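This report concerns only the one structure given below.
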Amino acid sequence: MEHKIHIYNTLSRKKEVFEPINSPNVGMYVCGPTVYGDPHLGHARPAITYDILFRYLTHLGYKVRYVRNITDVGHLVNDADQGEDKIAKKARIEQLEPMEIAQFYTNSYHDKMRDLNTLRPSIEPHASGHIIEQQELVRKIIKNGYAYEKNGSIYFDVEKYNKKYNYGKLSGRVLDDLQSNNRELEGQEEKNNPFDFALWKKAEPEHIMRWPSDWSDGFPGWHLECSVMSTKYLGEKFDIHGGGMDLLFPHHECEIAQSTAANGEESVKYWMHNNMITIEGQKMGKSLGNFITLEELFTGNHKLLAQAYSPMTIRFFILQSHYRKPLDFSNEALQASEKGLERLLTAIKTIDTLKTSEKSSLDIKNFKQKCYDALNDDLNTPILFAHLFDGVRYINSIADGNDIISSADLQELKETYHKFVFEIAGLKNIETNAASNDKLESVINILLNTRLDAKNNKDFATSDKIRDLLSEAGIIIKDKKDGFEWEIK
RNA sequence: GGUCACGUAGCCGAGUGGUUAGGCACUGGUCUGCAAAACCAGCUACAGCGGUUCGAAUCCGCUCGUGACCUCCA
């Protein structure tokens, strides 16, 4: 590969050169959504972060298999209904089949992810479709002596595991600390130790989602599916595992323990974690009830929202901060992103209108290299956009006649923008539904030519009136030296 | 309580030992009949207190503040 990309590996807590296990193939697994609620702003961040990684690695010439799961079984709710499946609970509330709920929210997730212009993963496995494999992994862990049975449930023996391996290596926990600091929770009495976690859970009678097994009718443990589906589709050793920082502990720690207990070695080479989105400084979360769904964001229908924000604005907003930093939501910040994005996209359109000269007043090769350098440094998209905005000034300056560009450089500049903005960053022009309407276009042109006549006759009252009324109708006019330009907002 | 992050100009956000990141907002100028857009110029900050260093926003220590994880969550 021409470019060396550095990735921050949570396991080592530093940036490492990315070297795939079987170059040019890259295996990438990302924790996907639990499909029991509307997709929200928090889902957008990992989806976009790993979408950029997927796109960029592909762009660099790697053959990437991107696996992202759909969790449709097995997670617990945090209220009094101990041991009840999240999805089953919701099903009873809404009087629907559990799988109907899962399907509904899976569809909804897909719709919103498409709006955000994220590419579909190569494989999107469902937890419910891999119950047999999960049971196999449980058997393997039992056989290796790292799990025990209690009343039809199977638990992972963390203490025993920790004697040979290091439980806590990813999250930086020490088992002794966990031992002394674990909170008192109900439903833990079956476990030998409070930090042990379930591999298989016996289903209570009212539990709808259940599968037969050697041990009981029940459902798989919370962390099992990712261990199973990642190695099933990417091999026992694969390159990248990504997810939100909130999954670091216990989820990913347990995944490592499970894979190691089963196979004797861990599966993942690079662990990546995106940071959270906060609302007014506080984490957005289902249980906190302060989350904004993507639907609300796109329509502006939420008490915290001053207006609607387009999917591309959201995408750009997320890319303007680095994925490992927390990102605080605010209307002001989103409005800034909206305007910035417009400036960027307008400049890209301007490229096509530029006149060329003998030479260029900017080193395009160097400009392009700086864009690559930004992404190679742990996907630093804010820096990428800083460079792209420097380029915007250059483009506009050429249009104003203050800078020059050669035709070869113009071609390269155009390609660079298309590559980074559309192909890699995955942004796209906001489509205006009327843009392809020829009749509307001629009507606007008639109006604007009338306005031009009025202007030439110094009848500014009429010309301003036409401009103001069109502006109210959402048509923005920009006067040029020799005419006009317009666009539909 | 334990563990780990973070604290950067009006707002959002990069950087992380020596050269004004960038976006948005604001102010002045150019252009324009006036606007809009664009360009030029201005606004130049690193929580506080110590320490290391020729030099620290950047390294170290302490203090204060905020957040995350420890329990389902992206």
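Order of the sequence lines fixes the chain letters, A, B, ..., with proteins taken first and strands second; residue numbering starts at 1 for each chain. As the structure is a prediction and not an experimental result, all values here were calculated from the model.
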Quiz item: How would RNA chain B look in dot-bracket form, 5' to 3', counting Watson-Crick and G-U wobble pairs with both distances under 3.5 Å and writing | for bases paired to another strand?
Solution: (((((((..(((.....[...))).(((((.......)))))....(((((..]....))))))))))))....

Self-check item: Quiz item: Arg324(A) side-chain donor-acceptor pair to C6(B) base, under 3.5 Å
Solution: no

Exercise. Applying ring-ring contact (aromatic ring centres under 6.0 Å, His included) between His40(A) and each of Phe291(A), Tyr105(A), Phe329(A), Tyr109(A), report the one that passes.
Key: Phe291(A)

Sugar-phosphate, base or nothing in reach of [X], heavy atoms under 4.0 Å:
| X | value |
| --- | --- |
| Ala333(A) | sugar-phosphate |
| Asp464(A) | base |
| Met245(A) | nothing |

Per [X] side chain, nearest of listed nucleotides [options]:
| X | options | result |
| --- | --- | --- |
| Asn402(A) | A36(B), C39(B), C72(B) | C39(B) |
| Lys325(A) | G13(B), G15(B), C34(B) | G15(B) |
| Phe389(A) | G22(B), C34(B), C24(B) | G22(B) |

Quiz item: Phe460(A) stacking on G33(B): centroids under 5.5 Å, ring planes under 30°?
Solution: yes

Quiz prompt | Whichever of Gln320(A) and Ser397(A) has its nearest RNA chain B nucleotide further upstream toward 5' | solution = Gln320(A)

Say you pick atom [atom1] in [N] and the same atom in [M]; how far apart are they, in whole Å?
| N | M | atom1 | answer |
| --- | --- | --- | --- |
| A21(B) | U53(B) | C1' | 26 Å |
| U32(B) | A38(B) | C1' | 12 Å |
| U8(B) | C43(B) | C1' | 16 Å |

Quiz item: Taking the six-membered ring for Trp, are Tyr161(A) and Tyr167(A) parallel (under 30°), tilted (30 to 60°) or perpendicular (over 60°)?
Solution: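 Rings of Tyr161(A) and Tyr167(A): perpendicular, over 60°.
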
Quiz item: Can Arg68(A) be said to sit on top of Tyr50(A)'s aromatic six-ring, NZ or CZ under 6.0 Å from centre and within 45° of the ring axis?
Solution: no

Quiz item: Is it true that the NZ or CZ of Arg451(A) lies under 6.0 Å from the centre of Phe484(A)'s six-membered ring and within 45 degrees of the ring axis?
Solution: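 Output no; distance or angle outside limits.
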
Quiz item: In chain order, what residues pass the side-chain contact (heavy atoms from CB on, under 4.5 Å) check against Ala198(A), with sequence neighbours excluded?
Solution: Tyr155(A), Lys201(A)

Quiz item: What is the distance from CD of Glu332(A) to P of C24(B), rounded to the nearest Å?
Solution: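 Rounding to the nearest Å, CD of Glu332(A) and P of C24(B) are 14 Å apart.
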
